[in-house]
There are 2 protein chains.
Amino acid sequence: MDIGTKLRAIRKQRGLSQRELAARAGLTNGTISLIEKNKTSPSVASLKSLLDAIPISMAEFFSNLEETALSKVFYRADELTVVSPTGDQQVTLRQLGNAEAHALQVLHETYPPGADTGPELLSHDGEEAGIVVQGAIEVTVDGVSETLNAGDGYLFDSRLPHRFRNTGKETCIVISACTPPSF
Amino acid sequence: MDIGTKLRAIRKQRGLSQRELAARAGLTNGTISLIEKNKTSPSVASLKSLLDAIPISMAEFFSNLEETALSKVFYRADELTVVSPTGDQQVTLRQLGNAEAHALQVLHETYPPGADTGPELLSHDGEEAGIVVQGAIEVTVDGVSETLNAGDGYLFDSRLPHRFRNTGKETCIVISACTPPSF
DNA sequence: TTATGATGTTTAATATAATTGTCAATTCTG
DNA sequence: CAGAATTGACAATTATATTAAACATCATAA
């Protein structure tokens, strides 16, 4: 398996010393030395601690996957790209970055009074969640409706049919997130 | 981590007894019992032997750690559970639902003036994104800092070291999302 | 019932992982 | 350069994973 050299490679790459990594992981430098020289096979608990401290996931560690190219991190308010899933909506959806390159899609949603995503099935894989920031909105998920006010939130499996309607008089703003991106 | 129940689930699914798996892996049934009941954390060498005998790869084993149990959909503002990743922060993190059961973690974050997540690496797998709802906050990702105001957002790979600091005089509120949940 | 076989659990003994303390080699700093 | 700090490695001790064997439970059959 040779997890030793792999661990060492990753640690060096991040510019960490054995002692520093040990401190973060709650282990000792000696242990890391032994592991890296394959003189011992760490418990998965220990390895998990080390990988958490680097940080890198177990799955990633064991699946030789390489670095993901990263791009833009910060987005000014006017840089959120407007997306319109259904075309003619009054609903304004403003998206953070381009969803296709990411596992996470975050939207700034504006619902003027009367806005309605319509009854059509907005179903897709993954999960969907959000928190109301301003105003109120009626959310219907799998036939169940609730009116959420500022501070309230929702979280559901995206495969359930869902609908958003602003039945109030004030414009409603919701920050939502999907994974994976639905459009 | 609970690799115990995961291992047991896979073993049962393949119709293997502890003894039979033990024989194939060159271990003992007692060891498997202890591992499955999380009474011990096996060495990666032992776990590798077990997974080879099933057979299933390490990467596969650790990438399937997610369960799906969905229930609650709507959350009132006072139902958001306060989580404190670092313990003594002034930062208030209020979470939608319980992250462990979901692929998506959404937080309502409150940063009073001076609040700081600290320089330690808040790193984990997946992606992380958010939009500032009120106030302003200085976000540092991989050494690069920007001050984001209401309406601005961020989106980055969670493995990059990151830090949030409210350097202004107004309390800052951010709605953020991670996938998968980081704590 | 009693026996037989297969299952998962527990316990004392043993093997091994992890810590502690220390060392030489290296890299900073003045 | 000297001195201090940092690095990775090693031996001895401590902690823990693993073993081997016994135990309990649930079947099914004689």
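Throughout, a chain's letter reflects where its sequence line sits, starting with A, and its residues are numbered from 1.
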Side chain to side chain contact (heavy atoms under 4.5 Å, CB included) partners for A/Ala136, two or more places apart = A/Thr147, A/Asn149
With sequence neighbours excluded, what pairs up with B/Lys169 under the side chain to side chain contact (heavy atoms under 4.5 Å, CB included) test?
->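 Partners of B/Lys169 by the side chain to side chain contact (heavy atoms under 4.5 Å, CB included) criterion come out as none, since no residue qualifies.
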When all nucleic acid strands are considered with a 4.0 Å heavy-atom cut-off, which category describes B/Ser33: base, sugar-phosphate, or nothing?
->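 Base contact - B/Ser33 has a heavy atom under 4.0 Å of at least one base atom.
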What side-chain hydrogen bond (donor to acceptor under 3.5 Å, both in side chains) pairs are there with at least one residue in residues 23-32 of chain B, not counting sequence neighbours?
->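 Qualifying pairs, neighbours excluded: B/Glu20-B/Arg24, B/Thr28-B/Thr31.
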Using a cut-off of less than 4.0 Å, is there contact between a side-chain N or O of [X] and OP1 or OP2 of [N]?
X: B/Gln18; N: C/dT7; result: no
X: B/Lys37; N: C/dG8; result: no
X: B/Arg8; N: C/dT9; result: yes

Any pair with a residue in residues 25-37 of chain A that passes salt bridge (Lys or Arg N to Asp or Glu O under 4.0 Å), sequence neighbours left out, goes on the list, sorted by first then second residue, please.
-> A/Arg8-A/Glu36, A/Arg11-A/Glu36
Boundaries of the DNA chain D segment in contact with chain B, non-hydrogen, under 4.0 Å |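 Taking any atom under 4.0 Å from a heavy atom of chain B, the span is D/dA17 to D/dA22.
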Start with the C-alpha distance between A/Ser46 and A/Ser49, add both sets of side-chain angles, then the distance that settles side chain to side chain donor-acceptor pair (under 3.5 Å), and finish with yes or no.
-> CA-CA 5 Å; A/Ser46 297; A/Ser49 300; 5.9 Å; no
Looking at residues at least two apart in the chain, or sitting in another chain, which of them share a side-chain hydrogen bond (donor to acceptor under 3.5 Å, both in side chains) with B/Glu138?
-> B/Arg165
Considering residues at least two apart in sequence or located in another chain, which fulfil the side-chain hydrogen bond (donor to acceptor under 3.5 Å, both in side chains) criterion with A/Thr40?
->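 A/Thr40 satisfies side-chain hydrogen bond (donor to acceptor under 3.5 Å, both in side chains) with no residue once adjacent residues are dropped.
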Under 4.0 Å protein heavy-atom contacts per nucleotide of nucleotides 18-27 of chain C, with B for base, S for backbone only and - for none | SBB-B-----
Can you name the salt bridge (Lys or Arg N to Asp or Glu O under 4.0 Å) partners of B/Arg19, sequence neighbours left out?
->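 Partners of B/Arg19 by the salt bridge (Lys or Arg N to Asp or Glu O under 4.0 Å) criterion come out as none, since no residue qualifies.
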Find which nucleotide of DNA chain C each of B/Ser17 and A/Lys39 is nearest to by heavy atoms, and output the residue with the more 5' nucleotide.
-> B/Ser17
Let me know the distance between CD of B/Glu20 and P of C/dA6, rounded to the nearest Å.
->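 Checked: the CD to P distance equals 11 Å.
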